[in-house]
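See structure below.
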Amino acid sequence: MSVSSPHLLSGLNAEQLAAVTLEPRHALILAGAGSGKTRVLTTRIAWLLAQGLAGPHNILAVTFTNKAAKEMLARLSAMLPVNTRSMWIGTFHGLCNRLLRAHHREAGLPQMFQILDQSDQLSAIKRLLKSLNVDDEKFPPRDLQHFINAHKEQGERPAAVEAWDDYSRKRVELYAAYEQQCQREGVVDFAELLLRSFELLERNEPVRNHYQQRFRHILVDEFQDTNKLQYRWLKLLSDGGAGAAVFAVGDDDQSIYAFRGADVGNMHAFEREFAVPEVIRLEQNYRSQGNILDAANAIIKHNETRLGKNLWTEAGSGEPLCVFEAASDLEEARWIVEEIRALMRDGRARSEIALLYRSNAQSRVLEHALFSAGLPYRVYGGLRFFERQEIKHALAYLRLLANPDDDTAFARVVNFPTRGIGARSLEQLADAARLHQCSLHQAIVHLAGKAQSVLQNFSGLLDRMREGAAGLPLPEVIDHVVELSGLREHYRNDREGQDRLANLDELVTAAASFVAEEDRRPIAADDDAAAADEGELIAFLTHAALEAGDHQAEDGDDAVQLMTVHAAKGLEFNIVFISGLEEGLFPHENALLETRGVEEERRLMYVAVTRARQRLYLSFAQTRMLHGQTRYNIVSRFLDEIPQPLLKWLTPQLRNAGSAYAFGAARNGSYGNDTRKAEIAALQRDEPSGFAVGQSVMHDKFGRGVIINAEGSGQDARVQVNFTHAGSKWLALAVAKLTPA
DNA sequence: CCAGTTTACCTTTTT
DNA sequence: GGTAAACTGG
């Protein structure tokens, strides 16, 4: 390895170079979209190694996605020959898991602890509520799950949570009970991985000292997405800033995970608490044409709380952004398909094109249109491989092999496929378990009568599985379990079970390639205490929980890419469509209620816009089917925030010329039947005083809006209006001064 | 007492 | 449109 490696640094601009070659000290890099962030991060690591400022084992690099971690590793090994295995590179959850496996005893966990993903966590909570006879109407499991996770992410155990009334006291009590249940079953949820390893470092001085001395350089990707606990974890590991040099890369404008506890405030806190000497801004964008960047800059300027940054490019302005107003979501989808066809006639590949939307529910219409047109497409999102029910069932059996006391897994498959163990027997079992303070599996011996015999049969099945699996390689273990459990038989008899059968086979294949991968890069004899001797099965189950799989999109074929804006973060495409630019959808209505909610939505829009290299299409629809009912939306404020000269309207701008209702009709049916249907429905409802659902109206105080609902007649007539800036309101027509806009 | 059928409910984003 | 709880028949 050369002492100075000019080739490493060639092609970097001045700011990138400054960031990469900073002397070892704390640094905050504000890296705008498309500014070469990942390159800076990986080159920084390579530079530290090449300069001899650190050995591989001194490096800890943390990312948010497995994908980012893999990419970093791949790029790094391409840059210089290095034993990446002795570096700690991974997601927060992955690294915490590694820490806890190595120190499970000190952390108070069984060696074989299992990881609950969120759906496992939810069912664990439901089971808990049932066993404590808690009314799940009063304490909805989802709320409780959010409550528990939010507190864990703040670093708060039940004892630290403030309770001021009976209700909050009860919730804290349930939080405590949930912890006990997890501890008894030997399982940890996602947030627990973080909190437990934080507490391990905090309380165990030898362990803390060991890692503080080992890691001299901590590099953090997507720093704006860290939550409070992750920040404290980093701070602890760097000995409050006195130890490892922390190199944090982030973009406050791309912070889009506040909803799950991410705290942009960490960037300010880091600057202050670590006394970061200087902040380096990467503002040159290598991705997008000028007009696209101008639009992105114009949008994000509307946010008040920013560290401040303005992207620029040496590329030309490029094309204007194309805007399309559709009569309906179906129309929007049809237009997108037409446009894609035109692009392909121009010689564009489908894989250059991405369709972005705010929420997954929007993909269906787009998929339908693409499918009907025979255009290949790939959807990112939705169910991932390890989240499919047949896979989760198979994994549950595997978990029971490793740990029969895993009640979540037990409850999941005890009667699946059905084997005559009904609700009644399970109730008795749960009662016995509570009475004896033991797991469901252990409670079987305390039963009597029929319940005991059927459950002992099940227990015997598990024993036979374990015996049959002994000594087999992992893929064969899985195959054996799938067979013996009756899962294969069950899906064979199910008319719609063919895909599921194929997935179960795929699980065996996945295990085979997982084992092969592990063999190629064996966990090197780590200098850490008790190098995790987890065994293939535990490693595979951990892999399944932490990396739920590639969002089910097959590689290879040339296909249009469909995904949510969140999923698109970090990606780039030559041509991007952002669809559904409507108030209530994007920005999402739920976000309007939250403080700073609109700002987060705006950052989301900023992320969406900056995905495009050459061409950006923006579209919205007047009516949209959502959750089975038609909604009448007005154009998103974000579209209004883009300067008009950057835009090219593909549809006439009639927005002030009449109601949505009127111009749907004016288009003379050429835009499909959807607007007509809305029209007819409105007429049939005998709307009062000449107002119709879907019509644009003006109000002295609230401004412009669209009527989305109506009821009553005469003096009692009321309409619900969705105002651009004031939100949705019910107004009595006799009182409110509404005028057609 | 269990198993298949119907109904209800939900969906903003996810490691 | 898809799953999980409630229902009802065997």
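Computed from a prediction, not measured in an experiment: that's the story for all the values here. Each chain gets a letter, A, B and so on, in the order its sequence line appears, and its residues count up from 1.
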**Request:** Classify the nucleic acid contact of A:Arg260 as base, sugar-phosphate or nothing, counting any heavy atom under 4.0 Å across all strands shown.
**Result:** base
**Prompt:** Base, sugar-phosphate, or nothing: which does A:Lys126 touch, judged by heavy atoms less than 4.0 Å apart?
**Reply:** sugar-phosphate
**Prompt:** What is the nucleic acid contact for A:Asn66, judged by heavy atoms within less than 4.0 Å: base, sugar-phosphate only, or nothing?
**Reply:** nothing
**Asked** Of A:Arg364 and A:Gln389, whose closest DNA chain C nucleotide lies nearer the 5' terminus?
**Response** A:Arg364
**Closest to the A:Arg500 side chain, choosing from B:dT15, C:dT3, B:dT14** = C:dT3
**Request:** Could you check whether A:Phe64 gets within reach of a base, just the sugar-phosphate, or nothing at all, counting any heavy atom under 4.0 Å?
**Result:** sugar-phosphate
**Request:** Would you please test A:Asp189 and A:Gln121 for side chain to side chain donor-acceptor pair (under 3.5 Å) and show each step?
**Result:** CA-CA 7 Å; A:Asp189 57 51; A:Gln121 186 188 30; 3.2 Å; yes
**Request:** Indicate, with a heavy-atom threshold strictly under 4.0 Å, whether A:Asn360 touches base, sugar-phosphate, or nothing.
**Result:** sugar-phosphate
**Asked** When the distance from CG of A:Leu116 to C1' of B:dT14 is rounded to whole Å, what number comes out?
**Response** 16 Å
**Prompt:** Base, sugar-phosphate alone, or nothing: which one does A:Arg142 contact when heavy atoms must sit under 4.0 Å apart?
**Reply:** sugar-phosphate
**Prompt:** For the atom pair CD (A:Gln362) and CG (A:Leu562), what is the distance rounded to the nearest 0.5 Å?
**Reply:** 11.0 Å
**Request:** Tell me which nucleotide among B:dT13, B:dC2, B:dT15 gets nearest to the side chain of A:Ser425.
**Result:** B:dC2
**Message:** Under 4.0 Å, heavy atoms only, any strand: does A:Glu589 hit a base, just the sugar-phosphate, or nothing?
**Reply:** nothing
